[in-house]
Amino acid sequence: MKMVHTLSLLGFLLSCVIFAVELHGYIQWNNLCPNYGALASAKVLLDAGKMSGLVTRNGNFSILDVPPGTYVLSVLSRDYSFDHVRVDVSPSEPLPEVRPYIFGTPLLTTTSFSLPYPIVLTPRHKNRYFSPRESFNLLGMFQSPMMMIMALTGVLMLAMPYIIKQLDPETLDGLKGQQGKAASIEKSIQSDDPRRLSALLSSGEETKASTFIAKSNTGPSTLQQRKGGKGNKRR
């Protein structure tokens, strides 16, 4: 039994060696990469380096003794990026089947669309390892939210004297009183004096109540004066 198992294993290995193929392909130069000098040294890999082949000066490459199986072919280049390609090597087919491959997709799924053989690889874009330094942009600086807030604050500071001149004296006195009260509350909080803080808050409530009472007292008299004025006019 062991003898049969060993012979079958040897037969499988011999079949793999016999049916091993040699993959051929070439790099198609374009405007992005016009020649070998621009590409420099590059290597074609099967399954991330399980087997590999170098790119010659005329752009050709070959990978020797590829046994039957499914592989992902990629190009290892310093300056350029290439598409990945799926390669299916079968002992029943004289030529390998080449299909497009999206990196990360499982190899169990296959597409009906096939690519020509020998394999043709084209540089897609150039690798950039350093981003160019941005130049000074005055408009871009003012598009920042912090700069907009600072500019608005500066405009308000410049316009504040003109706004204060347009206010009524009573409104101005009220604003000054509120500022003084706010400063007193801040000082009491910093000095950790709760009695003074409660006194300031209670005085503020009393001021609001007295103002409301004064308005309510002056309201009817004003209405009576208006009514009296209308009556006098009618007489």
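All residue numbers in this chain count up from 1 along the given sequence.
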### Message
Can you give me the closest heavy-atom contact between Ala42 and Val75, atom names plus distance?
### Response
CB-CG1, 4.5 Å

### Task
Decide yes or no for Val87 and Glu97: does some side-chain heavy atom of the first lie under 4.5 Å from some side-chain heavy atom of the second?
no

## Note on the structure
So CZ of Arg124 and CG of Asn30: to nearest 0.5 Å the spacing works out to 8.5 Å

### Side chain proximity check, Thr122 to Phe82, heavy atoms < 4.5 angstrom
no

### Task
Just do the side-chain contact (heavy atoms from CB on, under 4.5 Å) check on Val85 and Tyr101 with the steps written out, would you?
CA-CA 5 Å; Val85 174; Tyr101 177 75; 5.7 Å; no

### Message
If you define the side chain from C-beta out and look only at heavy atoms, does anything of Leu46 sit under 4.5 Å from Ser52?
### Response
no

### Message
Quick check for you: to the nearest 0.5 Å, what is the distance between Thr153 atom OG1 and Met148 atom CE?
### Response
11.5 Å

### Pairwise distance OH(Tyr26) to CG(Asn58) - rounded to 0.5 angstrom
12.0 Å

### Query
Out of curiosity, Ile63 CD1 to Lys43 NZ, how far, rounded to the nearest 0.5 Å?
10.5 Å

### Query
Counting heavy atoms not belonging to Phe130, are there more than 12 under 6.0 Å from its CZ?
no

### Task
For residues Val55 and Val44, determine if any side-chain heavy atom of one lies less than 4.5 Å from a side-chain heavy atom of the other.
yes

### Query
Do Val66 and Tyr71 have side-chain heavy atoms sitting under 4.5 Å apart?
yes

#### Entry: Separation between OG of Ser62 and CG of Leu23, rounded to the nearest 0.5 Å
9.0 Å

### Message
Tell me whether Met150 at atom CE has more than 12 heavy atoms from other residues, nucleotides or ligands lying less than 6.0 Å away.
### Response
no

### Message
Is it the case that the side chain of Asn35 and the backbone of Ala38 share a donor-acceptor pair, with hydrogens and angles ignored and the cut-off at 3.5 Å?
### Response
yes

### Task
Consider only side-chain heavy atoms of I, L, V, M, F, W and Y, link residues closer than 4.5 Å, and tell whether Met51 and Leu54 are in one cluster.
no

### Query
If you take all heavy atoms of Tyr80 and Leu32, which pair is closest and at what distance?
OH-O, 3.3 Å

### Query
Do Ser81 and Asn127 have side chains that get closer than 4.5 Å, going by heavy atoms?
yes

### Query
What are the two closest heavy atoms between Pro123 and Ile27, and how far apart are they?
CD-CG2, 4.3 Å

#### Entry: Same apolar cluster (I L V M F W Y, side chains within < 4.5 Å links), Phe61/Leu76
no

### Task
Please tell me if the side chains of Ser90 and Pro68 come closer than 4.5 Å, counting only heavy atoms from C-beta onward.
no

## Note on the structure
Sequence neighbours excluded, the answer for side chain to side chain donor-acceptor pair (under 3.5 Å) partners of Asp88 is Thr70, Arg86, Arg99

### Query
Among Leu73, Ile119, Val120, which one satisfies side-chain contact (heavy atoms from CB on, under 4.5 Å) with Val98?
Ile119

### Task
Side-chain contact test, heavy atoms from C-beta onward, threshold under 4.5 Å: evaluate it for His125 versus Cys33 and give yes or no.
no

### Query
Which value, rounded to the nearest 0.5 Å, describes the distance between His84 atom NE2 and Leu45 atom CG?
9.0 Å

### Message
With a 6.0 Å cut-off (strictly less than), is the heavy-atom count around CD1 of Ile102, excluding the residue itself, greater than 12?
### Response
no

## Note on the structure
What one should report as the nearest heavy-atom pair of Val89 and Pro96 is CG2-CB, 4.1 Å

